[in-house]
Asks: 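Below is the structure I would like to discuss, written out as structure tokens.
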Amino acid sequence: MNRWLMLGIAIVSEVAGTLSLRAALDQPAWFVLVAVGYVVAFGLLSAVLAAGMPVGVAYGIWAAVGVALTAVLATVVFQDPFTVQIGLGIALVMAGVLLVEVGSHAGPQASEDVAS
């Protein structure tokens, strides 16, 4: 399976697990989906790393997209607030992940230049 597809499924699984955790506060049966969501998410994240994706890139994308999706879906499903500050925070997290992604392709030469 393509590592980007695995990362996408890991993100969706983690978001499903997190939203189910919120739902489980009222209906404990949701804890089953919490466990399944997190097991699938971490299993696929491990597979993505084993496929050669750098950990900073994989985890950064997973965390940033997960935070954004969770915030948006929690607003829709649970009527959680979504303020301008939350939107700006998500934008900053995504900008940071983009910098990590771009930096990961710079290679060893760039890191040697920074150290000099």
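Note that the numbering runs from 1 along the sequence shown for the chain. For the numbers below, each heavy atom of this structure counts, side chains included, while hydrogens, waters and symmetry mates do not. Note that the structure is a prediction, hence the values are computed from the model and not measured.
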Asks: Tell me, which pairs form a salt bridge (charged side-chain N to carboxylate O under 4.0 Å, His left out) where one or both residues lie in residues 29-41, sequence neighbours left out?
Replies: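 Every pair satisfying salt bridge (charged side-chain N to carboxylate O under 4.0 Å, His left out) with a residue in residues 29-41: there are none.
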
Asks: Please answer: with hydrophobic residues joined when any side-chain heavy atoms are less than 4.5 Å apart, are Leu92 and Leu69 in the same cluster?
Replies: no

Asks: Identify the heavy atoms of Ser13 and Ala41 that sit nearest to each other, and give their distance.
Replies: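 In terms of heavy atoms, the two residues are closest at CB-N, 3.9 Å.
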
Asks: Quick check: closest heavy atoms across Val97 and Ala64, and the distance to 0.1 Å?
Replies: CG2-CB, 3.5 Å

Asks: Indicate every side-chain donor-acceptor pair of residues 75-83 with a distance under 3.5 Å to a residue at least two apart or in another chain.
Replies:
{"from": "Thr75", "atom 1": "OG1", "to": "Ala71", "atom 2": "O", "distance (Å)": "2.9"}
{"from": "Thr75", "atom 1": "OG1", "to": "Asp80", "atom 2": "O", "distance (Å)": "3.3"}
{"from": "Gln79", "atom 1": "NE2", "to": "Val76", "atom 2": "O", "distance (Å)": "3.2"}
{"from": "Asp80", "atom 1": "OD1", "to": "Arg22", "atom 2": "NH1", "distance (Å)": "2.8"}
{"from": "Asp80", "atom 1": "OD2", "to": "Arg22", "atom 2": "NH1", "distance (Å)": "3.1"}
{"from": "Thr83", "atom 1": "OG1", "to": "Gln85", "atom 2": "N", "distance (Å)": "3.4"}
{"from": "Thr83", "atom 1": "OG1", "to": "Gln85", "atom 2": "OE1", "distance (Å)": "3.4"}
{"from": "Thr83", "atom 1": "OG1", "to": "Ile86", "atom 2": "N", "distance (Å)": "3.2"}

Asks: For Leu5, give me all partners under side chain to side chain contact (heavy atoms under 4.5 Å, CB included), at least two apart in sequence or on another chain.
Replies: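 Side chain to side chain contact (heavy atoms under 4.5 Å, CB included) list for Leu5, sorted by chain: Met1, Asn2, Ile9.
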
Asks: Not counting sequence neighbours, which residues clear side chain to side chain contact (heavy atoms under 4.5 Å, CB included) with Leu98? List them please.
Replies: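 Leu98 satisfies side chain to side chain contact (heavy atoms under 4.5 Å, CB included) with Val102 only.
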
Asks: Can you check side chain to side chain contact (heavy atoms under 4.5 Å, CB included) on Ile61 and Ile11, steps first, answer last?
Replies: CA-CA 9 Å; Ile61 292 170; Ile11 292 166; 4.2 Å; yes

Asks: Listing request: all side chain to side chain donor-acceptor pair (under 3.5 Å) pairs with a residue in residues 27-43, at least two apart in sequence or in separate chains.
Replies: Thr18-Tyr38, Gln27-Trp30

Asks: With sequence neighbours excluded, give me every salt bridge (charged side-chain N to carboxylate O under 4.0 Å, His left out) pair touching residues 25-42.
Replies: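 Pairs touching residues 25-42 that pass the test: none.
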
Asks: For Ala58, enumerate each residue passing the side chain to side chain contact (heavy atoms under 4.5 Å, CB included) test, keeping only those at least two apart in sequence or located in another chain.
Replies: Leu45, Val48, Leu49, Met53

Asks: Among residues at least two apart in sequence or on other chains, which ones pass side chain to side chain donor-acceptor pair (under 3.5 Å) with Arg3?
Replies: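 For Arg3, no residue satisfies side chain to side chain donor-acceptor pair (under 3.5 Å) once neighbours in sequence are set aside.
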
Asks: Can you tell me how far OG of Ser46 sits from CE of Met6, rounded to the nearest 0.5 angstrom?
Replies: 10.5 Å

Asks: Would a hydrophobic clustering, with Ile, Leu, Val, Met, Phe, Trp and Tyr connected at side-chain separations under 4.5 Å, put Leu33 with Val12?
Replies: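 Result: no, two separate clusters.
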
Asks: Could you list who else is in Val84's hydrophobic cluster, with ILVMFWY side chains joined at under 4.5 Å, directly or through other members?
Replies: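 Answer for Val84: Leu88.
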
Asks: Output every pair passing salt bridge (charged side-chain N to carboxylate O under 4.0 Å, His left out) with a member in residues 37-64, not counting sequence neighbours, ordered by first then second residue.
Replies: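 Checked against salt bridge (charged side-chain N to carboxylate O under 4.0 Å, His left out) - neighbours excluded - no pair reaches residues 37-64.
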
Asks: Taking atom CG of Leu7 and atom CG of Leu44, what is their separation to the nearest 0.5 Å?
Replies: 9.0 Å

Asks: Can you list every pair that meets ring pair (Phe, Tyr, Trp, His ring centres under 6.0 Å) and has a residue in residues 45-67, with sequence neighbours left out?
Replies: Phe42-Trp62, Tyr59-Trp62

